[in-house]
Each structure stands twice: as structure tokens, then as C-alpha cells.
Amino acid sequence: MPDRAERLGDIYEAMEGRPPDEWGRRFDAHPNAVAPPLSAVGPPGAASPSGSRGGVTTVVRHGRLLFRRRLRLLLRDRPAVVTLVAQTAAVATALAVAFGDLSRVENLLLQARDTVTLLFLLTVSSIWIGCNGAVKALVGERPMYRRERAVNLSPWGYFAATFALHGGVAVAQVVPLAGAVWWLCDPPGMGWPVVGVLALAAVAGTALGLALSAGSESEEQAVAAVPLVLIPQIVFGGAIVALSGFAEWAAKLGISAYWAQRAAATALPPDVANLAGVTTTGRGLALAMLALHAVAFAATAVVIVRVRDARAFKR
């Protein structure tokens, strides 16, 4: 490993090669180290050297810098970029092979049922893409975050940058996925309104992934928790079995796929919707509830991060 970094981004790549504690020991032992140890640094939120506690300007500045840093690192990580592209291509290919060109299906009942099933699988895939992409973000960077937080990093700027990057990446995956399925399968009612629903579902999935990441103790635990939250999205999404009673209320409260499916179904032609037995009303409510889920999951992640901050800096 070279002793000198040519570019700022090289520092973060090099840091991934060794544990944070080892870097801390090497820094403290360096003859030119002048910063105090973490134990001597004030708690998060303490005044900066300029005497400012920060505010909206600080949040925006930190968020912008962190977003650019994360984006540069992502774009330079070619295997990660290839994996993201492969995920989108794999899901699109699987759906295209399974459903084929739905516009050529002569049995209208079969066409209607397959269309609803395809839309449901697209919504679940969108949530999975967002969740899977963000689930390692907070827990994986926790040691680095705490070091930067100890020297007055804005937690709001940090979370905003994390959410914006992973949410943007998820949308960048889902939109081509929806476009490929639109072109290859040509399901009735497929259009830009459905693409918008899928993009919002990906954002909700991103928020869910960040909540899992914030509550996990390790990356392995976070990844293992993904099926635990995605399986209920499938079972209680409303497309496999008709929901009623407690199951329906549980779906309305906590299942993003339920509302994404309902929002996407409103784009179906009336004859297709009637044959499939789905309603095409309530688009506004479905979109509002889907957005509310994204906000609730994101807020949960923020609360967990702040609670962990308080506990970590009380030690």
C-alpha cells in the first residue's frame, strides 16, 4: 500500500483495507499527529472551532460533500457498478422469459391475471432493489461515521447524503427495469405512471434498508434481515391471496408492496382490471401511503442512529 494518496478518494479506498481501530492506532502513533484522541473530543453537536453549532447551511454543506464523495467512490468501484447493472438485467430477463409478450395473449382472462402478477413482481423487485442496496450503508460506515461525528459532522447531512445516493441508485436501476419490461412484455396499462410508482417503491425500499442497517450490529446481520422484511411484502402484498380482517389492516399499516400494487393497478384498462378483480380507484391514497411508508422508515433509521450516537458518546 502506498504511503501517499494521489487523490482524496484514494484515502477512503485505502481505509477499507484495514480495521478502523488499526488506522486509529497508526494515526495516534504518527510523530506528526496533533489531533487529540477521541476521548478528548467533545460530544457530537458541540461547537465547532468557529463557535457555530451549525444549522441548515451546515447540513446542506456536509450533505453535498458527503454525497459527492460517496458518488465518486461508487463510480470508481467498477465491480459494484457491474453488479448493479447485472441485477437490473437479471430481473428484467427473468420477467421477460416468464411472461413473454402479454399483448399477444389471446385469452383475456389469462392476460389480465398475468398483467396483475407482473406488476406485483415489479413492485416487490423495486422494493428489494432499494432495500438490498442500502442495507449495508449505515452499519458498514459506523466506525468512520463516529470518528467524523466526533469532530462535528452533521448527522442530518450524513443521513441526507446516504438516503439521496442509495435512493437515487435504486431509482436509476428501477427505471430501466420498468422500461425493459414495458418493451419486452408490453403489459396492458404499462406507462410512465406505473414507472413513477415503481420509482417511489424503490425509494421506500431504500428507507426500509436504511432502517435495517441502522438497527443492525454488523453487515452480516443486516443482510440476513432482508428476507425477514421482504417475505411479508410478498405474502401480504394483496396479489397472491385476498386479504381481509387483521391481515388486511396489517398490510395497510406496514406493507409497502400493498400500496405500490394498488397504485400501479389504477393504470390498468377497466376491462383488464375487471377481469383480474382489482380496483382502479384510490391512486392518490395509495401513493400517499407509499410515500408515508418511506418517511416512516427513514425516520426510524434517523432515530436509531441518534440513539446509538447518544450511547456511544456517553461511554
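Only heavy atoms go into these numbers, but all of them, side chains included; no hydrogens, no water, no symmetry mates.
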Tyr158 and Tyr145: ring pair (Phe, Tyr, Trp, His ring centres under 6.0 Å), yes or no, with the steps? CA-CA 8 Å; Tyr158 171 80; Tyr145 163 77; 4.6 Å; yes

Evaluate Glu141 against Arg149 for salt bridge (charged side-chain N to carboxylate O under 4.0 Å, His left out), listing each step before the verdict. CA-CA 12 Å; Glu141 292 188 347; Arg149 181 79 178 99; over 6 Å; no

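Although no hydrogens or angles enter the test, the distance criterion places a donor-acceptor pair under 3.5 Å between the side chain of Asn274 and the main chain of Pro270. No donor-acceptor pair closer than 3.5 Å links the side chain of His62 to the backbone N or O of Gly157. In this structure a side-chain-to-backbone donor-acceptor pair under 3.5 Å is present from Thr123 to Phe120. Under a 3.5 Å cut-off, the side chain of Arg308 and the backbone N or O of Ala214 do form a donor-acceptor pair. Trp259 places a side-chain N or O within donor-acceptor distance of the main-chain N or O of Lys252, the cut-off being under 3.5 Å. The main-chain N or O of Leu84 is found under 3.5 Å from a side-chain atom of Gln173 such that the two form a donor-acceptor pair. With hydrogens and angles ignored, the 3.5 Å screen pairs a side-chain donor or acceptor of Thr279 with a backbone N or O of Thr281.
Under the 4.5 Å side-chain contact rule for hydrophobic residues, Trp249 and Leu243 do not share a cluster. By the rule that hydrophobic residues join a cluster once side-chain heavy atoms approach within less than 4.5 Å of another member, Trp183 and Val174 end up as members of separate clusters. Note on Val278: it does not cluster hydrophobically with Leu275, by side-chain heavy-atom contacts below 4.5 Å among ILVMFWY residues. One hydrophobic cluster, built from ILVMFWY side chains closer than 4.5 Å, holds both Leu138 and Val59.
Taking each heavy atom of Ala264 and Val197 in turn, the nearest pair found is N-CG1, 4.1 Å. Among all heavy-atom pairs drawn from Ala291 and Leu200, the shortest one is N-CD2, 4.2 Å. Across all non-hydrogen atoms, the minimal contact from Val235 to Val241 is O-CG2, 4.0 Å.
With a 4.5 Å cut-off on side-chain heavy atoms, Leu153 and Leu66 count as touching. Residues Thr117 and Phe99 form a side-chain contact, since some pair of their non-hydrogen atoms from C-beta on lies under 4.5 Å apart.
Other residues, nucleotides and ligands contribute over 12 non-hydrogen atoms within 6.0 Å of the CZ atom of Arg283.
Under 3.5 Å, the side chains of His166 and Thr206 contain no donor-acceptor pair of N or O atoms.
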